[in-house]
Amino acid sequence: MLTKAPRGTKDVLPSDIYRWTYLENMFRDICEKFGYREIRTPIFEHTELFKRGVGETTDIVQKEMYTFTDNGGRNITLKPEGTAPVVRAFIENKLYADVQPTKLFYNTPCFRYERPQAGRLRAFHQFGVEVFGASNPSVDAEVISIAMTFFESLSLNNLELKINSIGCSKCRKDYNKVLKKFLQERMDNLCKTCVERYEKNPMRIIDCKNKDCQEVLNDVPLITYYICEECKDHFEGLQKILTLMGLGFEINPRIVRGLDYYNRTAFEIISKEIGSQSTVCGGGRYDGLVEDIGGPETPGVGFGLGIERLILTLEKNNIEIPTPRGLEVFIVAMGSRAHDKALEISYKLRKNGVSVDIDHLGRSLKAQFKYSNKLNSLYTIVIGDDELDRGTISLKNMDTGNQEEIKLDSVVDEVIERVK
Ligand code: ATP
Ligand code: MG
């Protein structure tokens with residue numbers, strides 16, 4: 001127990017962290033280019049927020065939340081997704097009183113009690129964006145284009161963008177009647193969760209992953225063909241803009257997304273290579289959510305993008321993330337006088353922005369050189385008693401093998417000049 005992490009969790013080790021920082025920096029850069037600003041919300045929230053904000057008929061609320069009572073008797077849940085907390089923060093901090101739209105992005109851990117498998121963890125991470133205060137389809141297109149730009153910047157060009165419109169509360173009413181009539185005759189073949197969904201949110205049944213349910217749904221009537229004129233205009237507007245942007249897409253009327261609060265646009269970006277957990281990014285519009293949680297009537301649209309699934313997709317496509325350059329300088333020191341000098345020089349160099357390491361284990365000269373190689377250092381400084389007596393050090397360029405003598409009192413300047 002003590003030396004085993006809980007099921008469904010994963011360490012990111014130092015040997016792998018460069019991929020994460022690379023992706024994080026790239027995502028941040030792209031969002032900022034699109035005029036989005038970062039928001040960070042706490043890891044946990046009141047359970048009530050997710051019940052309301054994600055929806056009672058969702059898998060997340062029904063079976064996946066990490067919920068506990070804290071010492072003050074509060075009902076708390078670890079963030080299972082990013083949208084509800086951002087909506088809460090938008091309302092609580094009155095961001096709606098600022099110039100609209102509010103364009104936000106985030107990078108957050110998420111927690112869901114699910115059956116762990118490739119691309120499905122219990123502790124995972126999401127990038128996401130949310131836009132509040134604009135209902136024009138150009139915003140839906142902008143949100144989608146952020147994700148597509150990100151994938152393109154990673155040379156992931158074979159992902160599929162699937163879009164749908166799931167209408168609004170107005171058209172959903174009529175559609176639900178048709179849908180319920182269809183489902184009523186097939187209730188015996190639906191899973192228990194879907195039977196529960198039948199009353200509260202029958203459209204969610206279309207998203208059920210149960211095989212028997214999927215069979216029932218083979219010829220289910222789909223909302224796309226029942227949406228009202230306004231929703232139709234919105235959906236056509238989105239398609240027009242995506243086409244203008246040169247983004248290929250496919251309309252898939254079966255995409256209804258996992259959360260209760262979606263309306264109009266729903267979309268998924270799929271990687272066929274990563275098997276059954278193939279949705280790398282999913283999102284859509286949620287015009288009623290802000291009001292539902294207690295804020296002013298405010299439209300919203302956003303997406304969540306699973307970082308672990310993204311990394312899996314990159315691996316399956318043999319896309320390498322550039323490895324970072326190694327250490328700039330390693331100092332090999334022989335003898336205690338030299339070691340003291342090495343400490344002094346290393347500190348000065350570090351303060352001047354040069355990455356430096358030295359031996360702390362009393363290694364032999366040969367072993368220190370070997371260690372310097374392993375750290376992939378650009379330069380190795382050698383300090384020994386002889387050098388100290390002469391008032392010099394020797395500086396070796398590890399790529400060319402070229403070695404030069406440098407005056408001890410100018411070593412910091414000389415090294416900075418070569419490294420920068
Ligand atoms: P799925 O249909 O695969 O269960 P979802 O609809 O539950 O996904 P969302 O709630 O939309 O997923 O989350 C957005 C993204 O977060 C997903 O597209 C996926 O990339 C990622 N994601 C969701 N659940 C997990 C998980 N348990 N482990 C790793 N990544 C996940
Ligand atoms: Mg899920």
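Just so you know, ligand 1 is whichever comes first in the structure, and atom 1 is the first atom listed for that ligand. Start at 1 with the first residue, then count along the sequence.
- With distances taken over non-hydrogen atoms, the option nearest atom 4 (O) of ligand 1 out of Gln277, Arg122, Arg120 is Arg120.
- Of the heavy atoms in Leu310, none comes closer than 4.0 Å to ligand 1.
- Of the listed residues (Glu268, Arg115, Arg112), the one carrying the non-hydrogen atom nearest atom 24 (N) of ligand 1 is Arg112.
- Shown in contact with Lys209 at under 4.0 Å from a heavy atom are these atoms of ligand 1, numbered in order with element: 1 (P), 2 (O), 4 (O).
- By the 3.5 Å distance cut-off applied to N or O atoms, Gly304 is not counted among the residues near ligand 1.
- When the options Gly306, Gly119, Ala123 are ranked by their closest heavy atom to atom 29 (C) of ligand 1, first place goes to Gly119.
- A salt bridge is absent between Glu114 and Lys63; no separation between the charged side-chain nitrogens and carboxylate oxygens falls under 4.0 Å.
- In this structure, Lys10 does not pair ionically with Asp16, as no charged nitrogen and carboxylate oxygen lie closer than 4.0 Å.
- The contact set between ligand 1 and Leu121, taken as ligand atoms under 4.0 Å from a residue heavy atom, comprises 26 (C), 27 (N), 28 (N), 29 (C).
- Checked by distance only, ligand 1 and Glu308 stay at 3.5 Å or farther apart across all their nitrogen or oxygen atoms.
- Take Arg40 and apply the side-chain hydrogen bond (donor to acceptor under 3.5 Å, both in side chains) test, not counting sequence neighbours, and it matches Glu38.
- The shortest side-chain heavy-atom distance between Asn107 and Phe27 does not fall under the 4.5 Å cut-off.
- Residues Phe105 and Tyr36 place their aromatic rings such that the two centres sit no closer than 6.0 Å.
- Using a 4.5 Å heavy-atom threshold, the side chains of Arg122 and Pro116 count as touching.
- The pair Arg418-Asp413 fails the salt-bridge criterion, with no side-chain N (NZ, NE, NH1 or NH2) lying under 4.0 Å from an Asp/Glu carboxylate O.
- Atoms of ligand 1 lying under 4.0 Å from any heavy atom of Val280, numbered from 1 in the order shown and given with element: 18 (O), 20 (O).
- The side-chain hydrogen bond (donor to acceptor under 3.5 Å, both in side chains) check on Lys200 picks up nothing, with sequence neighbours excluded.
- Close contacts of ligand 1 with Glu114, meaning ligand atoms under 4.0 Å from a residue heavy atom, involve 24 (N), 25 (C), 26 (C), 27 (N).
- With a 4.0 Å heavy-atom cut-off, ligand 1 is reached by the side chain of Gln126 but not by its N, CA, C or O.
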